[in-house]
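Heads up: the structure comes next, in C-alpha cells.
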Amino acid sequence: MLREAVLSKLFAQIIRKCHGRSQKPLYQPSPMSLSELLSFGQKKCEKKSFQFLNDEIPIRLAHIMREFEDLPKELLTMKSVKLVRSWYDLSFKEVQSFAEKDPDDTKVLAEFSVAIQNILNRHSYVVETMAQGVIEMEDTYGMDDKISERIQYFLDRFYMNRISIRMLLTQHAALFGNITNHPRRIGHIDPNCDVIECVSNAFKAARQICEHYHMQAPELDVITADGSKLSNFVYVPGHIEHILFEVFKNAMRAVVEYHRDKLELPKLQIIVAKGKQDLTIKLSDQGGGVPYQDQDKLFQYMYSTAPRPQYTGQESPLAGYGYGLPLSRLYARYFQGDLVVSSMEGYGTDVYLYLKVNSSEANECLPIYNTTTSRMYEAEK
Ligand SMILES: CS(=O)(=O)N1CCC(Oc2ccc(-c3c(C(=O)NC[C@H]4CC[C@H](C(=O)O)CC4)noc3-c3cc(Cl)c(O)cc3O)cc2)CC1
C-alpha cells in the first residue's frame, strides 16, 4: 500500500500547481555520477544496493509513467503503446512489492535479483514496440509536425529514463547475480576503459555486416592525438561500443553507396584526443555527406520510421531503421557527453563523440517530470 501512496503522492507533488508557483516535488530521482556508481560497486554491499534501488527505481518509473499520460491521445490508444505501459505498470508493482521486505534477509535479496532479471527481460523490446506504436499511429491518424515534435520530445526523455533504469538494474545484476564479469570491471563499469579496444570491437562488428551485404567495406585508420594519455579512463565500454557501432554503420553505408562503382573505397579515419575535460573520438568518412538542411533529420525518430523502407529485401542492414542515431546520442548524453554530426555534402561526414574525462563530473542526465514538462505537452494543443 505504501508504494501506491508514494505514487499517488508523487503524482500529486509532481503535478501540483500552487498559484502558478511549481512546488518542488518531494520524490525526485537521484542522479549518480560514474565515480559514485564505481565506488558503490567496489563496496559490493548487496543490502545497500537493494535499499537504494528499492527507493530509486519506483521514482524513476513513476516519473515516466506520469509523463506517458501527457502523450497525444492518438498515440496512447495504439495497441503497442498500451502494451509498453502495461509492462511499466507491472514492473512498478513488482518493485513496490519489496517495499516492506527485510533487507537483512538473504532470501529477500535473492528474490529481488530474480525480480530485477524478470523486469530487464520484460522490457527487452520496449524500443521496437514503441517504434511499432508510432507507426500504428501514423498509419491510423497520419502525422503532422506538432505531433512529431511532441513524440520526439517524449521519446528522448522516455529512452533516457530507460537507459538510466537499465544502468542501475544491470549494475546490481552484474555485481550480485551469478554472472561472470570481465575481471577488471565493476559491474559494467571499467575503471581503465580501453577506448581503442572499443573502437576496434565496434569497427569489426559493423564491417562484418557491411562485407556480408555489400561484399566490401572501407578500412580504418586510427590515430591517437599527441599527448593523449588514454589510461585510467572510467567509462562503460558497452555504451561506447553501442554508439560507435551505429556511426560506423552509417559511415560504411554512405561510403559504399557513394563509391558503389569503384574498386577501392576511401578509408575511414578515427582520431582520439584526450584533454583535461573531454575524451573525444572523431570518425571521418568520405561518403558524400548529407545536405545541411537534412542533417537534423538524422536524429529524428520519425526519420527512421517516416520514409519507411519498402522491405524489398534489398535494403542494406546498415540502414539505421532502429533509432540508432537518436539512441546513440542519448547514450553519449547520459553521462554528460554528446554526439555531434558535421557533414559536408559532396565530400563526407565527421562525427564527434564527446565523453567526460572526470568520472565525478559524469553525472547521470535524468528527465524529471514537473509542471514545466507538462506545459511542453500542452503547448499548441
Ligand atoms: C534515425 S536513424 O538512426 O534510424 N538513422 C540515421 C541514419 C540513416 O542512415 C543514413 C546513413 C548515412 C547517411 C549519410 C549520407 C548519405 O546517405 N547521403 C545521401 C543522402 C543524404 C540524405 C538525403 C535525404 O535525407 O533525403 C538523401 C541522400 N552521407 O553521409 C551520411 C552519414 C550519416 C551519418 Cl549519421 C554518419 O554518422 C556518417 C555518414 O557518412 C545518411 C543516412 C538511417 C536512419
Side-chain angles (χ1 to χ4, degrees), residues 126-132 134-135 138 143 148-149 151-156 158-160 163 199 202-203 205-207 209-210 213-214 216-221 239-262 265-271 280-311 314-333 337-354:
V126 158
V127 174
E128 295 82 350
T129 311
M130 277 305 285
Q132 182 56 35
V134 172
I135 289 173
E138 194 182 357
M143 183 62 69
S148 175
E149 277 165 33
I151 291 174
Q152 182 79 19
Y153 175 77
F154 172 78
L155 290 179
D156 270 344
F158 176 58
Y159 291 134
M160 187 66 94
I163 289 168
V199 167
F203 173 71
R207 180 178 59 184
I209 294 174
C210 187
Y213 191 82
H214 295 286
Q216 59 176 350
E219 283 307 318
L220 172 67
D221 279 339
H239 289 188
I240 297 175
E241 292 179 9
H242 177 107
I243 297 163
L244 292 178
F245 177 61
E246 284 304 323
V247 296
F248 271 127
K249 281 195 299 178
N250 294 335
M252 290 178 183
R253 170 183 165 183
V255 167
V256 166
E257 290 181 1
Y258 192 62
H259 300 275
R260 78 165 50 94
D261 48 3
K262 294 181 188 136
L265 301 174
K267 285 184 171 183
L268 307 179
Q269 183 189 72
I270 281 267
I271 302 180
T280 309
I281 302 171
K282 176 184 175 185
L283 170 59
S284 302
D285 69 56
Q286 298 171 52
V290 177
Y292 179 76
Q293 66 176 35
D294 294 332
Q295 288 185 36
D296 281 352
K297 280 194 323 191
L298 296 168
F299 288 98
Q300 288 171 7
Y301 297 97
M302 297 313 296
Y303 173 88
S304 51
T305 51
R308 211 168 309 141
Q310 303 308 322
Y311 283 108
Q314 304 305 313
E315 185 54 48
S316 162
L318 295 173
Y321 293 93
Y323 287 10
L325 209 62
L327 275 182
S328 295
R329 185 165 64 176
L330 294 179
Y331 273 105
R333 289 178 171 178
D338 208 347
L339 184 69
V340 175
V341 172
S342 177
S343 201
M344 290 175 72
E345 189 191 15
Y347 179 68
T349 300
D350 291 340
V351 178
Y352 295 83
L353 171 57
Y354 298 103

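Each ligand, and each atom within it, is numbered from 1 in the order the structure gives.
- Contacts of Leu325 with ligand 1, taken as heavy-atom pairs under 4.0 Å, involve both backbone and side chain.
- Using modelled atom types, one side-chain atom of Gln152 and one backbone atom of Phe299 make a donor-acceptor pair closer than 3.5 Å.
- Every residue meeting the side chain to side chain contact (heavy atoms under 4.5 Å, CB included) condition with Ile163, not counting sequence neighbours, appears here in chain and number order: Leu330, Tyr331, Tyr334.
- His242 contributes no side-chain N or O that, together with a main-chain N or O of Leu327, makes up a donor-acceptor pair within less than 3.5 Å.
- Where the criterion is an N or O separation shorter than 3.5 Å, residue side chain and backbone included, Gly288 fails it with respect to ligand 1.
- With a 4.0 Å cut-off on non-hydrogen atoms, Asp285 touches ligand 1 through its side chain and not its backbone.
- Here atom 31 (C) of ligand 1 lies nearest to Val290 when heavy atoms of Leu283, Asn250, Val290, Val341 are compared.
- A 4.5 Å side-chain heavy-atom check between Val256 and Tyr213 finds every atom pair outside the cut-off.
- The residue from Asp338, Val341, Val340, Leu353 that alone fulfils the side chain to side chain contact (heavy atoms under 4.5 Å, CB included) condition with Arg329 is Asp338.
- Of all the atoms in ligand 1, the ones that sit under 4.0 Å from a non-hydrogen atom of Leu298 are 1 (C), 6 (C), 35 (Cl), 41 (C), 42 (C).
- Scanning for side chain to side chain contact (heavy atoms under 4.5 Å, CB included) contacts around Asp296 gives Gln300, with sequence neighbours left out.
- A distance-only check finds no donor-acceptor pair linking the side chain of Asp350 to the backbone of Ser342 [under 3.5 Å].
- Checked against the 6.0 Å centroid criterion, the rings of Tyr301 and Phe158 do not qualify as a close aromatic pair.
- Here's the thing with Gln300: none of its N/O atoms is less than 3.5 angstrom from an N/O atom of ligand 1.
- Taking any N or O of Thr349, backbone or side chain, at least one lies under 3.5 Å from an N or O belonging to ligand 1.
- Less than 4.0 angstrom separates some heavy atom of Tyr323 from each of these atoms of ligand 1: 3 (O), 4 (O).
- Distances below 4.0 Å separate heavy atoms of Arg253 from the following atoms of ligand 1: 8 (C), 9 (O), 10 (C), 11 (C), 43 (C).
- Within the listing of ligand 1, atoms 24 (C), 25 (O), 26 (O) sit less than 4.0 angstrom from a heavy atom of Lys297.
- Among Gly289, Ala254, Pro326, Ser343, the residue whose heavy atom sits closest to atom 19 (C) of ligand 1 is Gly289.
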